[in-house]
Amino acid sequence: MKALFATGGVAALGGFAVVNYNKVDYGHRGYRTWYHDEPLGYSLAEYLVLAGTLAASPHNTQPWKFSVSGSNIDLYADHRRHLGKADPLRRMMGQGLGCAIENMAVMASSLGYSLFVDDSVCNEHFYDSGLVARLQYTRITDTSNGHHQTDDLKDLPEVKAIFNRQTNRSSYTGIGKVSSHYFDAALEQKPIADVGVTWLDDRAKCQDISEVCSVTVREFLSGDATNDAMKWFRRNRAEMLSTGDGISIFQNDAPILIKHWMQLAATKEDLVNQQSKQSEIDMVDTSCDHVPMWGVIHSSTDQPKDWLSVGRVLEKCYLLSAKLGYAICPVSYPVESIAGREALRQIAEIDSGRVPQALVRVGLAPRMEKSVRRPLQSVLV
Ligand SMILES: Cc1cc2nc3c(=O)[nH]c(=O)nc-3n(C[C@H](O)[C@H](O)[C@H](O)COP(=O)(O)O)c2cc1C
């Protein structure tokens, strides 16, 4: 039956016309940013911002604002775009901002510039004005490694990764295949001060982490944070394309009939009822079982500035996965729980005193549908 639905735009089943909601109109403006892989028509600063907006963010909230002046770009947290009780300290928001910085730094260096990141303002201003970092680009004078040609930009693996990166929520295969290849490449990454990643591919430890995910998703869904998080869930394509943000069932591998029901019949109440919560639990249980490799990202302290740094490393993992052809997905339930963090710290044998900040699973899986983005104009202030 899956094959039947996969073949065309519309399929008939028992007399009902069923629209194939797997069909995506990538020509729509909600997807346009993913296709601007040449800097034509943009100033350098604008193009760096564009790369920043393609970064990962919690529930695709895109919680950023950018103020551009010459070669200076100030990055602000947009505190209207938060997950409420699902991110009470706005730690994930801070990490999303770090993801944007990393994309900008990679794009700058691909264009032959270095991006100086001053995040010393972050701890003081994160919760008031929202100013988290002052960025400044300067031309790299030693051009031996710089790529100053914009015409071959889109062929650079680093740049391709920015435009191909995605969160893949399906179940992964690849046990025994992923790790050595990935470990070597991960070790070559330029480190971010004070942030470490512990990679795990040991079968027993990987299953222990999957158990922590199972416990913490239940803990999270038993509280009232779900309602706030689900405000960023888009039930149908029209809503998703008009807001240009949020997550949806279309970026996961749910059966087409479920997507059909979501598109046509689901109400806001349905998103937070017991049945939906059970589906999320089942999804986490299934997708976190038999994961080939987990990565735990940790820092020594737990301040807004650390969240930016952790986000930079998280985005590095995304870009590396895109470059090597692997699927990746953060699983935040364990790090949003005090007991979950402690369990991760013990399983991954992370020094006491260090704080597990983000958890990712990595493996092999077919690509998913792209997420939407707001246009550049709406993030420039
Ligand atoms: C700090 C952070 C935490 C995230 N946590 C989760 C998560 O627990 N589960 C998940 O499926 N995606 C998670 N994501 C991925 C976002 O939902 C995703 O980046 C966003 O929807 C945009 O999609 P894209 O990454 O494919 O562009 C997280 C992203 C960030 C930056």
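Computed from a predicted model, the values in this text were never measured in an experiment. For ligands, and for the atoms within them, numbers begin at 1 and follow the listed sequence. The figures here come from the full heavy-atom set of this structure, side chains too, leaving out hydrogens, waters and symmetry mates.
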A.B. asks: Are R341 and D302 within salt-bridge range, i.e. N to O under 4.0 Å?
C.D. replies: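 Looking at R341 and D302, the cut-off is met.
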A.B. asks: For the residue pair W199 and Y182, is the inter-centroid distance of their aromatic rings smaller than 6.0 Å?
C.D. replies: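 Centroid distance W199-Y182: below 6.0 Å, so yes.
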A.B. asks: List below, pair by pair, the N or O atoms of ligand 1 and of the protein that are less than 3.5 Å apart, including the distance to 0.1 Å; reply 'none' if no pair qualifies.
C.D. replies:
{"residue": "ligand 1", "atom": "5 (N)", "partner": "S332", "partner atom": "OG", "Å": "2.7"}
{"residue": "ligand 1", "atom": "8 (O)", "partner": "S332", "partner atom": "N", "Å": "2.8"}
{"residue": "ligand 1", "atom": "8 (O)", "partner": "S332", "partner atom": "OG", "Å": "3.2"}
{"residue": "ligand 1", "atom": "9 (N)", "partner": "P330", "partner atom": "O", "Å": "3.1"}
{"residue": "ligand 1", "atom": "11 (O)", "partner": "R169", "partner atom": "NE", "Å": "2.6"}
{"residue": "ligand 1", "atom": "17 (O)", "partner": "R169", "partner atom": "NH2", "Å": "2.9"}
{"residue": "ligand 1", "atom": "19 (O)", "partner": "S57", "partner atom": "N", "Å": "3.2"}
{"residue": "ligand 1", "atom": "19 (O)", "partner": "S57", "partner atom": "O", "Å": "3.4"}
{"residue": "ligand 1", "atom": "19 (O)", "partner": "T167", "partner atom": "OG1", "Å": "3.4"}
{"residue": "ligand 1", "atom": "21 (O)", "partner": "R169", "partner atom": "NH2", "Å": "3.4"}
{"residue": "ligand 1", "atom": "23 (O)", "partner": "S371", "partner atom": "OG", "Å": "3.3"}
{"residue": "ligand 1", "atom": "25 (O)", "partner": "R165", "partner atom": "NH1", "Å": "2.9"}
{"residue": "ligand 1", "atom": "25 (O)", "partner": "R165", "partner atom": "NH2", "Å": "3.3"}
{"residue": "ligand 1", "atom": "25 (O)", "partner": "T167", "partner atom": "OG1", "Å": "2.6"}
{"residue": "ligand 1", "atom": "26 (O)", "partner": "T167", "partner atom": "N", "Å": "2.9"}
{"residue": "ligand 1", "atom": "27 (O)", "partner": "R165", "partner atom": "NH2", "Å": "2.8"}
{"residue": "ligand 1", "atom": "27 (O)", "partner": "S371", "partner atom": "OG", "Å": "2.8"}
{"residue": "ligand 1", "atom": "27 (O)", "partner": "R373", "partner atom": "NH2", "Å": "2.8"}

A.B. asks: Cut-off 3.5 Å, no hydrogens considered: what does the side-chain donor-acceptor table look like for residues 39-58, sequence neighbours left out?
C.D. replies:
{"residue": "Y42", "atom": "OH", "partner": "H36", "partner atom": "ND1", "Å": "3.3"}
{"residue": "S43", "atom": "OG", "partner": "E46", "partner atom": "N", "Å": "3.1"}
{"residue": "E46", "atom": "OE1", "partner": "S43", "partner atom": "N", "Å": "3.1"}
{"residue": "Y47", "atom": "OH", "partner": "H36", "partner atom": "O", "Å": "2.6"}
{"residue": "Y47", "atom": "OH", "partner": "E38", "partner atom": "N", "Å": "3.2"}
{"residue": "T53", "atom": "OG1", "partner": "L50", "partner atom": "O", "Å": "2.7"}
{"residue": "S57", "atom": "OG", "partner": "T61", "partner atom": "N", "Å": "3.3"}
{"residue": "S57", "atom": "OG", "partner": "Q62", "partner atom": "N", "Å": "3.0"}

A.B. asks: Taking the six-membered ring of Y127 as reference, does the cationic atom of R90 (NZ for Lys, CZ for Arg) lie under 6.0 Å from its centre and within 45° of its axis?
C.D. replies: no
A.B. asks: Go through the structure and list residues passing ring-ring contact (aromatic ring centres under 6.0 Å, His included) with H79, not counting sequence neighbours.
C.D. replies: F126
A.B. asks: Distance-only check: which donor-acceptor pairs under 3.5 Å involve side-chain atoms of residues 322-334, not counting sequence neighbours?
C.D. replies:
{"residue": "Y326", "atom": "OH", "partner": "H181", "partner atom": "ND1", "Å": "3.0"}
{"residue": "Y333", "atom": "OH", "partner": "E280", "partner atom": "OE2", "Å": "2.6"}

